[in-house]
Amino acid sequence: MRKLKFYLLGLVTAILVSACGTSRTVPITGRKQTLMVSDEEVLSLSTQEYTKYMQSAKKSTNATNTAMVQRVGQKLANAVTTYLSNNGLQSELSQYSWEFNLVQDNNVNAFCMPGGKIVVYEGLLPVTQDEASLAVVLGHEIAHAVAKHSAEQMSNQVKQQYGLQIGSAIAGALGMGQNTQSVAQLIVQQGLQFRNLKYSRDHETEADRMGLIFAAMAGYDPNVAVSFWQRMAASSSNNTAEFLSDHPSDATRISNIQKSFLPEALKYYTPPQATVTTTTAKKATTTKKTTTKKTTTKKTTTSKKK
């Protein structure tokens, strides 16, 4: 019994430790999150992975498309910078060193690493078709970085490790056999896996919302999001059930955008002013010059000689 109390005390201690960390509010959504890893740790890992990836990746040779990716990306980065600055989050700006690359890859994909390293695959562009739709995608990826979803996922893994270690210790204290402990641990891991999948879907949904707002802030019409995701759904061969996927289903995503995210994003969107061309008709004024011929009548005076 004393041994069991010792392990239970350890469990309480671990829970208290896992409850610690850095509390933070996600920009725009206002959701509270607790991070167990520091920004320095995440950015260090991110930089390593990005550098490793770019060493093996081939940059696109299409100058026009590369310029478009950089143009859209920079507008979004400017929008994020403005938002953070205007909302008392200037301290977070130092985390971003923006970089935008288009790479030769036929997959329909793009990603943004923590710290603002953005990569777009060439295979995405036939589906986006225009700059506004590309802004929807990049806004979504940038939102993952701004919301620090990677740090949050890593923090969850830390908490789960605490839970698994403590659970194993308690099982041993209660006299469970090794096989029983292994099965129990497998069940716990499976449960944690499904919870993480749902958690990832929550992140994806949050990124949809934030990304659409960032795109609107950058001057791109968020209305294009619906048709874009419809094209994505049509081009997707993934028929995985939603509860087993780390992304919301296409139908759920489109419904969320139409009913909730789009009306909110439109509040941040200022349509470009239409250019009005004023044509001034010049009336030709014809001045008729009237030439008056002066007829001089010479009077001849005949002097009569007397």
Side-chain angles (χ1 to χ4, degrees), residues 10-57 73 76-77 80-81 83-85 87-101 103 109-120 138-169 188-189 192-207 209-211 214 246-247:
L11 174 60
V12 173
T13 302
I15 292 175
L16 291 175
V17 171
S18 64
C20 297
T22 303
S23 295
R24 177 179 181 268
T25 300
V26 177
I28 295 180
T29 67
R31 181 176 62 86
K32 303 294 182 181
Q33 61 184 176
T34 301
L35 304 179
M36 305 291 294
V37 292
S38 68
D39 293 331
E40 291 75 17
E41 290 171 326
V42 175
L43 291 175
S44 176
L45 291 172
S46 172
T47 300
Q48 292 177 27
E49 288 299 314
Y50 176 75
T51 301
K52 183 178 179 180
Y53 171 82
M54 289 306 300
Q55 287 175 346
S56 60
L76 287 163
V80 170
T81 298
Y83 178 84
L84 295 179
S85 299
N87 288 273
L89 298 170
Q90 296 91 336
S91 60
E92 296 195 3
L93 294 176
S94 60
Q95 300 174 21
Y96 300 101
S97 178
W98 300 100
E99 189 174 324
F100 316 99
N101 285 295
V103 299
N109 199 13
F111 63 83
C112 177
M113 302 286 276
K117 308 298 185 184
I118 296 172
V119 173
V120 176
L138 297 191
H140 172 96
E141 297 303 328
I142 287 174
H144 281 305
V146 174
K148 299 188 179 182
H149 287 160
S150 296
E152 198 168 5
Q153 288 285 54
M154 293 171 64
S155 298
N156 282 337
Q157 293 174 7
V158 171
K159 295 175 185 178
Q160 290 166 14
Q161 287 300 316
Y162 282 146
L164 291 174
Q165 292 170 5
I166 297 303
S168 178
V188 172
Q189 288 177 330
L192 292 175
Q193 180 182 0
F194 284 119
R195 188 173 65 186
N196 278 347
L197 288 171
K198 178 62 175 70
Y199 193 81
S200 294
R201 288 199 297 274
D202 289 343
H203 278 181
E204 291 295 330
T205 300
E206 187 171 56
R209 177 185 173 187
M210 294 174 63
F214 286 145
D246 60 352
H247 284 63

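On a predicted model such as this, the values are computed, not experimentally measured, just so you know. Just so it is clear, the values below take in all heavy atoms, side chains as well, and ignore hydrogens, waters and symmetry mates.
- The distance from the CD1 atom of Ile142 to the CG atom of Leu76 is 4.5 Å, given to the nearest 0.5 Å.
- Remark: the backbone N or O of Ser91 is paired with a side-chain donor or acceptor of Ser94 at under 3.5 angstrom.
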Exercise. Does the pair His203 and Gln153 meet the rule for a side-chain contact (heavy atoms from CB on, under 4.5 Å), with working shown?
Worked result: CA-CA 10 Å; His203 278 181; Gln153 288 285 54; 3.9 Å; yes
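- Using a 4.5 Å heavy-atom cutoff, the side chains of Leu84 and Tyr96 are in contact.
- Here the side chain of Ser155 pairs no donor or acceptor atom with the backbone of Leu35 at under 3.5 angstrom.
- Judged purely by atom type and a 3.5 angstrom limit, Ser44 has no side-chain atom pairing as donor or acceptor with the backbone of Glu40.
- With sequence neighbours left out, Glu99 forms a side chain to side chain contact (heavy atoms under 4.5 Å, CB included) with Tyr50, Asn101, Lys117.
- Looking only at side-chain heavy atoms (C-beta outward), Val120 and Glu141 stay at 4.5 Å or farther from each other.
- Side-chain contact between Phe214 and Val146: present, with at least one pair of heavy atoms (C-beta onward) separated by less than 4.5 Å.
- Taking every heavy atom of both residues into account, Ala145 and Cys112 meet most closely at CB-SG, 4.0 Å.
- Between the Tyr53 side chain and the Val119 main chain, no donor and acceptor come within less than 3.5 Å of each other.
- Contact detail for Leu93 and Ser85: the closest heavy-atom pair is CD1-OG, 3.4 Å.
- Ser46 places no side-chain N or O within 3.5 Å of a backbone atom of Val42 that could act as its donor or acceptor partner.
- Atoms CD1 and OH, on Ile28 and Tyr83 in that order, are 5.0 Å from each other to the nearest 0.5 Å.
- Gln33 CD to Glu206 CD: the interatomic distance, rounded to the nearest 0.5 Å, is 7.5 Å.
- One finds the CD atom of Glu152 at 12.5 Å from the CE atom of Met154 (value rounded to the nearest 0.5 Å).
- Side-chain contact between Pro27 and Leu89 is present, with heavy atoms from C-beta onward closer than 4.5 Å.
- Looking only at side-chain heavy atoms (C-beta outward), Met210 and Val26 come within less than 4.5 Å of each other.
- Interatomic distance, Asp39 CG to Arg24 CZ, rounded to the nearest 0.5 Å: 7.5 Å.
- Ring geometry for His144 versus His140: interplanar angle over 60°, hence perpendicular rather than tilted (30 to 60°).
- Side-chain polar atoms of His149 and Glu204 form no donor-acceptor pair below 3.5 angstrom.
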